[in-house]
Amino acid sequence: MSRFHSMINGLRSAFHARPLNSSTEIRLTRLCSQRCRQCRVYERTTSPASMSLQRFQQVAQRLREYGAFIGFISGGEATLVPDLADILIEAKKTFSIATTLVTGLYNKSETIHQVGQVALEHNIHIQTSLDGLGELGDSLRGVKNHAATVLEHMKWLADHRNGSKSLLYANIVLNNLNLDQIPVLIQRIRDLDWKVTIGLYHTLTATTRSDDQLRLQPGHRLEKVLKFLEGNPDIMNLDSFIKGIGPFIEGRQRKICAFLDSPVLSTRTTIMENGDVHLCYGEPIGNIFHSDLHQIFGGHRYRQRLREYRNCPGCWTTCYTQRYLLVHPSSWRDVKDNWKKVRGIRGGKP
């Protein structure tokens, strides 16, 4: 889909006070190859467990009709979906700015190589996660040899880029158990010529699990890590996001809700394997197989969900808060930093 047509559709939505839907995550499956302490997606019982190519094509068509800019194809573990290669090609035709495959890279090497080659050939970005090394990584992800497996597959993808414009990056979720490993994790990722993003452990969505041992705590350990991260050229996060982590953990953060404070530009939509459409927390606001996005974003459940969000204490997540900070910088310094980060990502530079 061309950016022109996406923008026209987006402007029509804005005129009718509907969100631009700048970013869409499509979770193809509830099946997963890991058992992460922070996630419960594999506990879902929807049937079928995965979205077929035909069903994905229906989703893609409705996204094109509404306007589709940035897309994330995820799971569960997306590489467990048999039609993933064809789905990625369809997704590339749907999202006018960027398409990203989100995968834990914890699957058979043959599968990772096959799907990875398709992504690289079509300039589809690849995001993975690496939260811990050795026994810590295995504990956080609930599987054996997690870091070694993921790093091996990261190396293969980096070695087979062959001029691809795909952005390869690994997300590190900060939690109270892995703070001491953050510098070495970043170094291992950068040694493989991948980029790095930082996230925070949270229990915001329906598929995240509460774990007191993972919950970030204020103190010297966290302060040391945040000082290391601030202004660090090896990470892609906005500096304004990194600077806000400490105040958030201490309960002093700005109260930001992207869905309320920037409903047109910053809304991020999640579509589950059964077609349910979610914002962040709360029940679905509709189902894309039953209604198109014009109806869903113009409907009662969407407006009701926004009213519920008025009582939210706020969050500090890369998915939601950082999106708001990108288009609502609070100073000229933030404007300069945001532009620098966006140019770096588009130009393939750190």
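What you are looking at is a predicted structure, and each value in this text was computed from that prediction instead of being measured.
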List the residues meeting ring-ring contact (aromatic ring centres under 6.0 Å, His included) with H290, not counting sequence neighbours, and say none if there are none. none
Do R215 and D212 sit within salt-bridge range, that is, some charged N less than 4.0 Å from a carboxylate O? yes
Should the pair H113 and H153 be assigned to parallel (<30°), tilted (30 to 60°) or perpendicular (>60°) ring geometry? perpendicular
Can you name the side chain to side chain contact (heavy atoms under 4.5 Å, CB included) partners of P48, sequence neighbours left out? none
For Q127, what residues pass the side chain to side chain donor-acceptor pair (under 3.5 Å) criterion, not counting sequence neighbours? Y169
Partners meeting ring-ring contact (aromatic ring centres under 6.0 Å, His included) with Y281 (sequence neighbours left out): Y309
What residues, two or more places apart in sequence or in another chain, satisfy side chain to side chain contact (heavy atoms under 4.5 Å, CB included) together with Q117? E121, W156, H160
Taking ring-ring contact (aromatic ring centres under 6.0 Å, His included) as the test, write out the residues that go with Y320, two or more places apart. F259
So which pairs with a foot in residues 255-274 pass salt bridge (Lys or Arg N to Asp or Glu O under 4.0 Å), sequence neighbours left out? E25-R268, R44-E273
What pairs with I89 under side chain to side chain contact (heavy atoms under 4.5 Å, CB included), at least two apart in sequence or on another chain? K93, V118, H122
Decide, yes or no, whether a salt bridge links E90 with R64 under the criterion of side-chain N to carboxylate O below 4.0 Å. yes
For the pair D292 and R62, find out whether any cationic side-chain nitrogen is under 4.0 Å from an anionic carboxylate oxygen. no
Please identify each residue that fulfils side chain to side chain donor-acceptor pair (under 3.5 Å) with S262, with sequence neighbours left out. S266
For residues 146-170, pull every pair meeting salt bridge (Lys or Arg N to Asp or Glu O under 4.0 Å), keeping only residues two or more places apart or in separate chains. K155-D159
Return each pair, listed once, that meets salt bridge (Lys or Arg N to Asp or Glu O under 4.0 Å) where at least one residue sits in residues 321-336; pairs must be two or more places apart or across chains. none
Could you note down all residue pairs passing salt bridge (Lys or Arg N to Asp or Glu O under 4.0 Å) where residues 133-150 supplies at least one of them, sequence neighbours left out? D131-R141
